[in-house]
Amino acid sequence: MRIVFMGTPEFAVPSLEALISGEDEVVGVFTQPDRPKGRGNKMTPSPVKACAAAHGIPVFQPERIRRDGVEDLKTLAPDLCVTAAFGQILSQEVLDIPTYGNINVHASLLPRHRGSAPIAYAILQGEEKAGVTTMMMDKGIDTGDMLLKAETEIGETETCGELTERLSRLGAELLMETIRQLKAGTLQRIPQNEAEMTYDPMMNKEMGQVDFDRPARLVKGQINGLNPWPCASVMVGDERIKLMRAARTEGAGRPGEVLVSDPKGGLVIACGEGAVKVLELQAPGGKKMRAEDYLRGHEIKAGTVL
RNA sequence: CGCGGGGUGGAGCAGUUUGGCAGCUCGUCGGGCUCAUAACCCGGAGGUCGGGGGUUCAAGUCCCUCCCCCGCAA
């Protein structure tokens, strides 16, 4: 089969690599245009572009594929399109091009967590399981029929970045199994139950402000789920401290009250229900570090309410 | 040349403004106390102050230069 791959961030790379080492031919890759990034605003290619280029696969970077990528895609004459976190909406015209349609690798247990940040939201909402779903794309956003699913447990202190990495590999395996079954003709299309669907809005920095009135399960979810971006944070004196990793723990007090704060006991903060132990944090200008290390050189008085 | 913060014993920091003895918390090593402890007391080891050059009687501190780390904005 001639396969065209569409994807952009690190999450998509394992799927692309799996396809490349598979028996089918990846004839082209679509990804988002290079963007100015990081210090110095250097133009940076997407991880998918870097991967494709390393394998000598033609790369296409239309600003909008449904507007100025259609002809290129037609020319590639794909039998199948595979998308994984591409970041652009496909029009019906684009969807109609590949013979066998478009398979999408989505990082949630659909129909829950449609949208662009499914992994973060699963953690954010304090859920215990996450997963990946392969699906046939249709015109809606993550609304197409489901094909295969794989699930995994979310670790107590697992961050969005870490879970993303795991799911990207799980997704690549599931994608290859999906294609095997597609060829074998054993694939079942399962419509999504609209009554159970949830759609997550895009993330932004405002979501990072920690509200300790909420139960520890959700405060912990917010801290772990927003790492590495946009990150949960709290003002300590006049500094905004990013909270990078946390776990639930024993303890009670006024919401936001610092219950423990020293290099041995770490940093424990009371929530509306229960308490959280901050495991990693990051001060302005500094590196991410363990809370115990931070407290060797900075004081947060126990009893302070954050 | 997008904006900004930072590099000081093993860890985290102060000291740089105004040049003048290498400081704090923790860890570590030895000793003591205690039924006991992440507690407490006493003592010790450990630092080319990111690299190089310059100014000076004297540089962590001032000047020039290079390297590395981080945040913001995109």
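Here is the naming used below: chain letters follow the sequence lines, and residue numbers restart at 1 for every chain.
- The shortest distance between the side-chain N/O atoms of A:Lys205 and the OP1/OP2 oxygens of B:G71 is not below 4.0 Å.
- Counting only heavy atoms from C-beta on, A:Lys242 has its side chain closest to B:C72 among B:A74, B:C70, B:C72.
- Residue A:Glu299 is classed as having no contact, given no heavy-atom separation below 4.0 Å to the nucleic acid.
- Side-chain N/O atoms of A:Arg39 include one lying less than 4.0 angstrom from OP1 or OP2 on B:G71.
- Looking at the side chain of A:Pro263, the nearest of the listed nucleotides B:G71, B:C26, B:C13 is B:C26.
- Counting any heavy atom pair closer than 4.0 Å across all strands shown, A:Asp293 reaches sugar-phosphate atoms only and no base atom.
- Pairing for B:C3 goes to B:G71, judged as Watson-Crick or G-U wobble with the two contacts each under 3.5 Å.
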Please list, pair by pair, any protein nitrogen or oxygen found under 3.5 Å from a nitrogen or oxygen in nucleotides 14-17 of chain B.
none

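- Considering only side-chain N and O atoms, A:Lys264 lies nowhere under 4.0 angstrom from the phosphate OP1 or OP2 of B:U25.
- Candidate nucleotides B:C13, B:C26, B:C70 were compared by shortest atom distance to the side chain of A:Lys287, and B:C70 ranks first.
- Residue contacts shown for A:Lys288 are absent, as no nucleic acid heavy atom lies under 4.0 Å away.
- Applying the Watson-Crick and G-U wobble criteria (two distances, each under 3.5 Å), B:C62 pairs with B:G54.
- Shown here is A:Glu194, whose CD atom has more than 12 heavy atoms of other residues, nucleotides or ligands within 6.0 Å.
- Within the nucleic acid shown, A:Lys37 comes within 4.0 Å of at least one base atom, counting heavy atoms only.
- Applying the Watson-Crick and G-U wobble criteria (two distances, each under 3.5 Å), B:C13 pairs with B:G23.
- Not counting sequence neighbours, the partners of A:Arg248 by the side chain to side chain donor-acceptor pair (under 3.5 Å) test are A:Glu156.
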